[in-house]
Structures are given as structure tokens and as C-alpha cells.
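To start, the structure under review is shown below, and the notes come after it.
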Amino acid sequence: MMDCKTGLQQYFRQLAEEEPILILDRKSTPEIPETVNSNSERSEESVDDENLHKLVKLEQEVSTCTLCELSRTRHSVIFGVGNPHSRLLLIGEAPGADEDAQGIPFVGRAGKMLDKVLKDLKLERSELYIANILKCRPPGNRDPLPSEAAACLPYLLQQIELIQPDVIVALGKVAAVRLLKLSPNISVKSLRDSILEYRKRPFVVTYHPSYLLRYPGEKISVLKDMQVVLKLLSGEIKWQPGDMTKFLK
Ligand code: URA
């Protein structure tokens with residue numbers, strides 16, 4: 001029997017009125033008999049622990065990064081936050097002043113908006129992992145320069161390989177454009193139509209929380225996008241690499 005603690009499990013319990021069908025933490029797999037885990041030569045747990053160790057090492061490495069000019073003006077390197085075993089990874093743009101001061105992603109006004117969205121979805125921050133395209137604040141909150149994004153990308157790619165999320169969500173255009181190498185002229189609206197692919201994973205693009213501060217009416221669009229994400233995670237939407245699923249929301 002699963003331990004029904006998380007908001008997400010409660011959410012799905014309400015939806016399905018049956019046993020929870022989704023858990024966000026890859027390590028919470030109580031149905032796997034212990035003997036299967038312990039007998040296997042290299043159990044899932046040891047891979048997870050190894051990845052966690054590597055993630056900690058990576059964070060240490062990144063904390064002294066000087067690959068771009070932002071290292072001269074930053075106060076903190078904002079590596080990422082959340083559950084390193086999560087099946088869900090959210091990727092934003094870059095830290096702002098509040099994040100730079102506190103060393104945590106999405107703690108300013110946009111972060112409060114993100115928290116509201118997560119609350120509506122009955123998700124806890126601790127159930128997912130949140131990172132950004134850039135790990136250091138661009139002065140004056142300007143957009144990341146292509147050279148800065150390129151310098152920082154290998155760190156994010158390593159995070160993705162170590163966390164192994166089942167679904168990646170791009171919060172806003174910068175994350176989508178930088179990861180998918182798209183034209184900066186593309187609109188988030190057009191990217192929201194489909195489940196895209198990034199590194200063999202489903203990749204969903206939605207509006208950035210700071211866009212919602214300007215256009216609060218679009219929160220419903222983000223909630224709809226996140227419903228698709230939750231359905232991907234629960235298996236209700238089947239997806240395989242190579243699928244270009246169109247979604248009319
Ligand atoms: N905006 C982002 O994209 N990321 C943060 O961490 C904060 C604001």
C-alpha cells in the first residue's frame with residue numbers, strides 16, 4: 001500500500017477516486033519487492049545514490065564557476081532546488097535579484113506566482129526539481145546572452161542526466177528557445193500546442209510566471225499545460241520519443 005502523503009497523490013485520489021496512480025518521486029516504488037532490489041547487481045537505489053552524489057559534486061563545482069562574465073557580478077550561484085529524485089523538472093530563465101540574494105530559484109515575485117500555480121495543482125515544491133537556464137543573475141534582469149546560456153548549458157544537461165526526470169517543463173520562451181535552439185521570434189503560444197521532445201523526454205512549454213504577473217488571465221492556460229504534464233506523468237497520456245503530439249487545450 002502506498003503512503004499517501006503528497007498533495008499530488010491526494011489530487012489523483014480525488015480525481016480517480018481510487019488508489020493513487022502517480023508518484024513524483026522515483027525512489028518511492030514500494031511495489032517493487034525488496035528482494036528484486038537487493039538481488040540485482042546494481043540496484044536502482046544505488047544508481048540513484050550515485051547520481052545524488054554526483055549532483056552534490058556538480059553543485060560544488062558550479063559554485064565556483066567563472067565561465068562567463070556573470071561570475072563577476074553575482075552574489076550567489078543558483079544551482080537548483082527540490083527533489084533530486086523527482087520525475088518532474090521545471091526550467092526557468094535566470095535568477096533575479098531576490099534569487100541572487102537568497103541562492104534559491106524562484107523566491108521573488110515570479111516565484112510567489114509559481115507557488116500559487118503549484119498550490120492550485122496541489123503540488124509541493126519538494127516534489128519537483130526547479131532549475132534555470134542560467135545559474136547566475138544577469139545584471140538588471142536582462143535576458144540571458146546566447147554566450148551565457150551556452151556556457152551554462154552543460155551544467156543543466158548534467159543535472160538532467162543525473163535527475164533523470166520523466167517530463168521537463170520550460171517556463172517561458174527563454175528556456176524553450178535555448179534548449180530547443182529555436183528562433184527567438186517564436187511565440188510561447190505556438191509552442192504550447194504540442195508535447196515537444198528534449199533529450200528523449202516529453203517537453204512541455206508554458207508561460208513564465210512573470211508573464212502571469214502581467215497577464216493573470218493566462219494562469220488558466222498554465223494550469224491546462226500542467227494538466228497535460230500530470231497526465232504524462234500518470235501515464236494517462238502515452239508518449240514515446242519521436243511522438244509529436246498535438247494538443248488542443
Ligand atoms: N525567474 C526565473 O526564470 N528564474 C528564477 O529563478 C526567478 C525568476
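Order of appearance sets the numbers: ligands from 1, and atoms from 1 within every ligand. Below, each value reflects all heavy atoms present in this structure, side chains not excepted, and no hydrogens, waters or symmetry copies. Keep in mind it's a predicted model, so treat the numbers as computed, not measured.
Electrostatic pairing of Glu50 and Lys54 counts as a salt bridge here, judged by a charged N lying under 4.0 Å from a carboxylate O. Between Glu148 and Arg142, at least one side-chain nitrogen of the basic residue sits less than 4.0 Å from a carboxylate oxygen of the acidic one, meeting the salt-bridge criterion. Remark: Asp48 engages Arg26 in a salt bridge, criterion side-chain N to carboxylate O under 4.0 Å. Between Lys219 and Asp120, at least one side-chain nitrogen of the basic residue sits less than 4.0 Å from a carboxylate oxygen of the acidic one, meeting the salt-bridge criterion.
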Q. After noting the C-alpha distance and the side-chain angles of Asn83 and Tyr129, does the key distance pass the side-chain contact (heavy atoms from CB on, under 4.5 Å) rule?
A. CA-CA 5 Å; Asn83 181 350; Tyr129 197 91; 5.8 Å; no
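Considering backbone and side-chain atoms together, Pro105 places no N or O closer than 3.5 Å to any N or O of ligand 1. Looking at Gly96 next to ligand 1, no N or O pair under 3.5 Å apart turns up.
Using a 4.0 Å heavy-atom cutoff, Gly111 is absent from the residues neighbouring ligand 1.
Geometric assessment of Lys135 against the ring of Tyr155 yields a negative cation-pi assignment under the 6.0 Å and 45° thresholds.
If you look at Glu93 next to ligand 1, the close heavy atoms, those under 4.0 Å, come from the backbone and the side chain alike. Contacts with ligand 1 closer than 4.0 Å are made by no heavy atom of Ser210, backbone or side chain.
Summary of contacts: the protein heavy atom closest to atom 4 (N) of ligand 1 is Asn132 OD1, 2.8 Å.
In the vicinity of Gly92, heavy-atom distances shorter than 4.0 Å reach the ligand 1 atoms 3 (O).
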